Trainee: 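Got a structure for you, written out below as structure tokens; questions coming shortly.
All values derive from a computational prediction rather than experimental measurement. Each ligand, and each atom within it, is numbered from 1 in the order the structure gives.
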Amino acid sequence: MVVQKFGGTSVADPAAVRRLIEIVRAAHTGDGKGPVVVASAMSGVTDALLAIAAAAGAGKDTEAMSRVAQLRERHQLAARELAPSQRHQLEEALGSSFDELAAVVRALAVLREVSPRTLDVIAAMGELINSRIVAAALIEAGLPAEWVDARRAIVTNDDHTRAVPLMRETRAAMRATLVPIVEAGRVPVLGGFVASTTEGHTTTLGRGGSDYSAALVGAGVDVGEIQIWTDVDGMLTADPRVVKSPRLVSELSFAEAAELAYFGAKVLHPSTILPAVERDIPVRILNSWKPDGAGTVITAAGASNGTALAGLASKRDVTVVDITSSRMLMAYGFLRQVFEVFERFRTAVDVVTTSEVSVSVTVDDRRHLDSIVEALREYGEVCVEPEMALLCAVGDRLRNEPAIAARVVAVLEEVPLRMISQAASRRNITVVLKQADLSHAMERLHEEFFA
Ligand code: ADP
Ligand code: ASP
Ligand code: MG
């Protein structure tokens, strides 16, 4: 039995949903049980919902309402085409969701303020609505599907917009909501990305979070494989938007996949691997346009005869913060003080390097940067450099073969590197460079290791 997650482009329109139906049918008849289907919002819908929230919060209610009408139209069209015989029930469900959305938008336009909690109510709509359409389309195609409200299956804390799942509560919720459906030979369909707190407030798992939902379901229902169906053949050796012709990586270890995802391989949400590791469930990334492809399989063991590097990842819009102080020399406690500032402003730090009198860190989330800089000034001179990028070369073999790391740095000899870091896992070597140099550096490395 497997869990199958379909991303935005794999549910973008009726043609995509028809491909989904055949993929689900093959799994259902093949295994005689399941699958559990996790559906994303249609592509572009989460962005549109967030734009609606922003417009409403800025008092631009006409703009917000016209976008709501467009979304209503797009979903109604898909519903009519995919499930004509369930038209009435579906239209009622969609109607009440969109009426609720419109009511929230009107209220925001008056209040002119969007709290993270309200933002979650709005952002969750895309998955909640689309999963209903997907369930109806599967039923229409003769499969025993049953829609499940994801908020009754995944329980999180109240850190709205990037809520953290509570594992024990989530497993209990899944035992009550998903397991009986699977045991009855039916196919549960739920929206990804969406969850709720123990008090029943809607939360979301952060952008790209449907992958994470699928992994949580996989662990909660004890499946044999977690499948991530997307619009590329699998994990590629580099981001196809940065490197011209990346290759498919057929096998990866959990650790390699986690590093690639964390350092920018958008095809997989970085938290997806955790539930899979805990229960040792393989994760497979597959292309919904080419269902016969083998994709990338991610397991504890990884590749049997791996290449020198497994892949490259990159992140743009990274900011480097340097703190320089002679007080750091031979002192203790200095780093604690510095990191406490980042903790206070709930900002994650990605890469860290230190010298005798300075520490450099990179951050992704600039929301609290001004306050952070001000607080850091108490400890030393602070310098901020925006428009930087992070390039990360990942591979299990880096652990035992120091020559590979040397080759990475040597290939980049003509590119000015701002920071270089190799963490204790020694599974990745990360460099920080100017964003303008990123694509050249990626191409050079890709050519060296994967051409
Ligand atoms: P979905 O909507 O299916 O979740 P995403 O857009 O979140 O899909 O992720 C798939 C996209 O991730 C690909 O279309 C590709 O542009 C991008 N991507 C970035 N890095 C990689 C990589 N190393 N391998 C594969 N895809 C990558
Ligand atoms: N729809 C959500 C997003 O766009 C979640 C997902 O697709 O994974 O971020
Ligand atoms: Mg995604």
Trainee: What do you reckon, does Thr237 have a nitrogen or oxygen under 3.5 Å from a nitrogen or oxygen of ligand 1?
Mentor: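 The answer is no, given that Thr237 and ligand 1 share no N or O pair closer than 3.5 Å.
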Trainee: Please determine if Glu387 and Arg316 form a salt bridge, counting it only when a charged side-chain N lies under 4.0 Å from a carboxylate O.
Mentor: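 No, Glu387 and Arg316 are not salt-bridged.
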Trainee: Could you pull out all residues at least two apart from Ser10 that satisfy side chain to side chain contact (heavy atoms under 4.5 Å, CB included)?
Mentor: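 Checked Ser10 against side chain to side chain contact (heavy atoms under 4.5 Å, CB included); matches are Phe6, Ser288.
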Trainee: So, 4.0 Å and heavy atoms of Ala238: is ligand 1 close enough to count as a contact?
Mentor: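 Yes; Ala238 lies near enough to ligand 1 that a heavy-atom distance drops under 4.0 Å.
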Trainee: Are there more than 12 heavy atoms of other residues, nucleotides or ligands under 6.0 Å from atom CZ of Arg18?
Mentor: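 Yes - once you tally the heavy atoms of other residues, nucleotides and ligands closer than 6.0 Å, there are more than 12.
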Trainee: Any N/O of Ala265 closer than 3.5 Å to an N/O of ligand 1?
Mentor: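 Not met; the criterion fails.
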Trainee: Looking only at protein heavy atoms, which one is nearest to atom 11 (C) of ligand 1, and how far off is it?
Mentor: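 Of the protein heavy atoms, Asp231 OD1, 4.0 Å lies nearest.
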Trainee: Take atom CZ of Arg25 as the centre, draw a 6.0 Å sphere, and report whether it contains more than 12 heavy atoms from other residues, nucleotides or ligands.
Mentor: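 Enclosed.
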Trainee: Which atom names give the shortest non-hydrogen contact between Ser131 and Leu190, and what distance separates them?
Mentor: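 So the two residues come closest at CB-C, 3.7 Å.
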Trainee: If you measure every N/O of Lys5 against every N/O of ligand 1, is any gap under 3.5 Å?
Mentor: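 Lys5 vs ligand 1: N/O contact under 3.5 Å present.
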Trainee: Atom 8 (O) of ligand 1: which protein heavy atom is closest, and how many Å away?
Mentor: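 Of every protein heavy atom, Thr230 OG1, 3.3 Å lies nearest to atom 8 (O) of ligand 1.
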Trainee: With a 4.0 Å cut-off on N to O distance, would you call Lys244 and Glu443 a salt bridge?
Mentor: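 Yes, charged N to carboxylate O under 4.0 Å.
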Trainee: Give the residues near ligand 2 by chain and number, with the criterion being a heavy-atom distance under 4.0 Å.
Mentor: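 Ligand 2 pocket, heavy atoms under 4.0 Å: Ser40, Thr46, Glu127, Phe193, Arg207, Gly208, Gly209, Ser210.
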Trainee: Heavy-atom distances under 4.0 Å decide this one: backbone, side chain, both or neither, for Val232 against ligand 1?
Mentor: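 Val232 to ligand 1: side-chain contact only, backbone stays beyond 4.0 Å.
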Trainee: Out of Arg247, Lys266, Arg241, whose heavy atom sits nearest atom 5 (P) of ligand 1?
Mentor: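 The residue whose heavy atom sits nearest atom 5 (P) of ligand 1 is Lys266.
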Trainee: Between Pro240 and ligand 1, which part of the residue brings a heavy atom under 4.0 Å of the ligand: side chain, backbone, both or neither?
Mentor: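 The side chain, only.
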Trainee: With Lys315 as the cation and Tyr262 as the aromatic partner, state whether NZ or CZ is under 6.0 Å from the six-membered ring centre and within 45° of the axis.
Mentor: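 The answer is yes; both the distance and angle limits are met.
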Trainee: Using 4.0 Å as the upper bound for N to carboxylate O, is an ion pair formed by Arg132 and Asp149?
Mentor: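 No salt bridge links Asp149 with Arg132.
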Trainee: Identify the protein heavy atom lying closest to atom 26 (N) of ligand 1, giving its residue, its atom name and the separation to 0.1 Å.
Mentor: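 In this structure, atom 26 (N) of ligand 1 has Val267 CB, 3.5 Å as its nearest protein heavy atom.
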Trainee: So which heavy atom on Val267 is nearest to which on Ile228, and how close?
Mentor: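 Here Val267 and Ile228 meet closest at O-CG2, 4.2 Å.
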Trainee: Determine whether any heavy atom of Gly234 lies closer than 4.0 Å to an atom of ligand 1.
Mentor: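 Gly234: in contact with ligand 1 (<4.0 Å).
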Trainee: Using the ring centroid of each side chain, check whether His75 and Phe98 are separated by less than 6.0 Å.
Mentor: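 Judged by ring-centre distance (under 6.0 Å), His75 and Phe98 do meet the cut-off.
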Trainee: Heavy atoms, side chains only, cut-off 4.5 Å: are Glu100 and Val121 in contact?
Mentor: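 Yes, their side chains come closer than 4.5 Å.
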Trainee: For atom 2 (O) of ligand 1, grab the closest protein heavy atom and report residue, atom and distance to one decimal in Å.
Mentor: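 That would be Gly8 N, 3.1 Å.
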